[in-house]
Amino acid sequence: LIIKALKFSLIILLVLCTSSIIGQNEKKSYVSTAINYISDAVFMGRKDSIAAPYLYPSIAYRHKSGFYGKGSFSYLTQPDESRIDLYLFTAGFNFKKNKLSGDFSATKYFFNKDSYNVISEVTADISASLSYDFKILNLTVNASNYLSNNENSDLFLSSEISHDFLTSNNKFQISPTAGIYLGSQNFYEAYYINSRIRDRKNNDFGNTTETIIEVVIEESESFNLMAVEVSLPMWYSKNSITVSFLPVLVFPQHEASILNDETVVKEELENVFYWMVGLSYRFK
């Protein structure tokens with residue numbers, strides 16, 4: 001029943017996005033480039049025991065109608081693991097009508113076979129979001145469907161509230177944000193089976209050996225509260241350049257029960273802090 005309700009919510013989001021095309025603000029089309037750094041790959045409060053810091057350049061084209069496309073790759077900067085770990089491509093549409101704004105997008109992921117990113121078994125996602133400015137606060141609702149290599153999918157639903165503080169010249173903004181994130185854990189089970197339980201020790205010839213153990217996460221199909229998150233996004237813009245910084249504190253929820261060789265182990269989740277910094281340029 002919950003899954004059906006969430007699928008219905010996703011359909012409603014898509015319909016609202018589509019129906020708002022006529023309210024799209026007139027803007028000039030443009031190309032932008034960016035380079036960002038993230039201190040660790042964290043998703044729904046989950047992460048690998050080894051940090052996965054990424055440096056990721058990107059390029060995007062946004063048409064004045066609201067349609068856009070973006071491509072990027074993520075370079076893993078962890079010592080002894082340096083490599084391009086991920087390519088991704090996104091196509092989408094966004095709109096803004098009065099105080100309502102929204103976005104619909106589809107993304108394709110291409111992970112390196114040795115990736116230990118917690119979503120390394122994800123192949124694609126379809127996402128939609130709606131935001132409304134109530135002046136006192138902004139309310140955002142997101143719905144996403146993530147597809148994995150094991151042919152299972154995960155549905156995620158999140159809600160965020162924030163408030164914008166801007167300087168008088170509108171060049172600097174800071175937006176304290178709090179959010180809750182709900183979803184299933186098929187992606188996490190696939191990651192455990194194909195990445196986390198691997199034996200990454202090198203043999204005498206410098207090759208990597210792998211020992212795969214049968215693992216089942218009992219909650220993989222269940223829809224639960226995954227994480228509570230607080231963040232402090234901020235950015236400074238001048239002319240065509242924008243500098244951004246995002247510190248994030250995540251409180252993961254609902255520890256997984258992992259069935260490993262007929263032994264049930266309760267996962268121990270810890271609060272996570274990570275941060276992102278970025279620099280972007282918009283070509284006029």
Side-chain angles (χ1 to χ4, degrees), residues 1-27 29-30 32 43-45 60-70 88-109 119 122 124-147 153-166 170 173-184 187 223-235 242 244 246 248 250 253 276:
L1 180 61
I2 294 177
I3 295 298
K4 288 183 179 179
L6 289 172
K7 289 182 177 179
F8 178 74
S9 299
L10 179 58
I11 293 172
I12 291 298
L13 286 173
L14 301 185
V15 171
L16 287 172
C17 287
T18 304
S19 64
S20 298
I21 292 178
I22 58 174
Q24 175 70 33
N25 289 347
E26 289 296 329
K27 297 180 179 179
S29 303
Y30 65 90
S32 64
F43 183 75
M44 295 288 165
Y61 172 74
R62 296 183 182 271
H63 191 266
K64 61 182 180 181
S65 65
F67 289 97
Y68 64 88
K70 182 172 68 173
L88 64 82
F89 302 93
T90 299
F93 171 80
N94 57 30
F95 71 88
K96 186 173 183 180
K97 184 177 182 181
N98 299 324
K99 296 181 179 181
L100 179 69
S101 59
D103 182 270
F104 170 67
S105 67
T107 299
K108 179 63 178 176
Y109 300 81
I119 62 167
V122 168
D125 80 68
I126 300 174
S127 301
S129 67
L130 282 176
S131 299
Y132 192 85
D133 183 1
F134 290 96
K135 290 188 177 180
I136 296 177
L137 57 83
N138 305 311
L139 175 63
T140 301
V141 178
N142 302 278
S144 301
N145 188 28
Y146 278 64
L147 307 176
S153 64
D154 288 295
L155 194 61
F156 300 108
L157 185 66
S158 65
S159 180
E160 297 178 340
I161 57 172
S162 63
H163 181 76
D164 300 331
F165 296 93
L166 289 85
N170 292 327
Q173 178 174 329
I174 184 170
S175 301
T177 303
I180 57 172
Y181 301 83
L182 306 96
S184 53
F187 79 95
F223 187 83
N224 296 298
L225 175 64
M226 297 283 288
V228 177
E229 183 177 291
V230 291
S231 60
L232 195 64
M234 60 188 77
W235 54 89
T242 299
S244 60
L246 173 63
V248 183
V250 186
Q253 306 292 315
M276 293 180 281

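Atom CG of residue Asp164 and atom CD1 of residue Ile136 lie 13.0 Å apart, to the nearest 0.5 angstrom. Rounding to the nearest 0.5 angstrom, the gap separating the NZ atom in Lys108 from the CG atom in Leu88 is 11.5 Å. Remark: Gln173 CD to Leu166 CG distance equals 4.0 Å, nearest 0.5 Å. Taking CG of Asp125 as the start and OG of Ser153 as the end, the distance is 12.0 Å to the nearest 0.5 Å. With values rounded to the nearest 0.5 angstrom, Ile126 atom CD1 is found 6.5 Å from Leu147 atom CG. Here CG of Asn142 is found 7.0 Å from OG of Ser131. Values are rounded to the nearest 0.5 Å.
When all heavy atoms of Phe156 and Ser184 are compared, the pair lying nearest together is CE2-O, 3.5 Å. The two residues Leu130 and Gly102 have their closest heavy-atom pair at CD2-CA, 4.1 Å. The shortest non-hydrogen separation linking Val122 to Tyr109 is O-CB, 3.7 Å.
One N or O on the side chain of Thr177 and one on the backbone of Ser175 form a donor-acceptor pair closer than 3.5 Å.
At a threshold of 4.5 Å between non-hydrogen side-chain atoms, the residues Asn94 and Ser101 do not count as touching. Between Ser105 and Thr90 there is a side-chain heavy-atom pair separated by less than 4.5 Å. Between Asp154 and Phe223 there is no side-chain heavy-atom pair separated by less than 4.5 Å. Side-chain atoms of Leu155 and Leu182, non-hydrogen and from C-beta on, never get closer than 4.5 Å to each other.
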Would you list the atom pairs, donor with acceptor, under 3.5 Å between side chains in residues 225-235 and any protein atom, with sequence neighbours excluded?
unit_1 : atom_1 : unit_2 : atom_2 : d
Glu229 : OE2    : Tyr181 : OH     : 3.4

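Side-chain atoms of Ser158 and Glu160 include no donor-acceptor pair closer than 3.5 Å.
Qualifying ring-ring contact (aromatic ring centres under 6.0 Å, His included) partners for Tyr132, counting only residues two or more places apart in sequence or in other chains: Phe134.
Annotation for Ile161: atom CD1 does not count as buried by contact number, only 12 or fewer foreign heavy atoms lying within 6.0 Å.
Classification of the Phe43-Tyr146 ring pair by plane angle, with boundaries at 30° and 60°, yields tilted.
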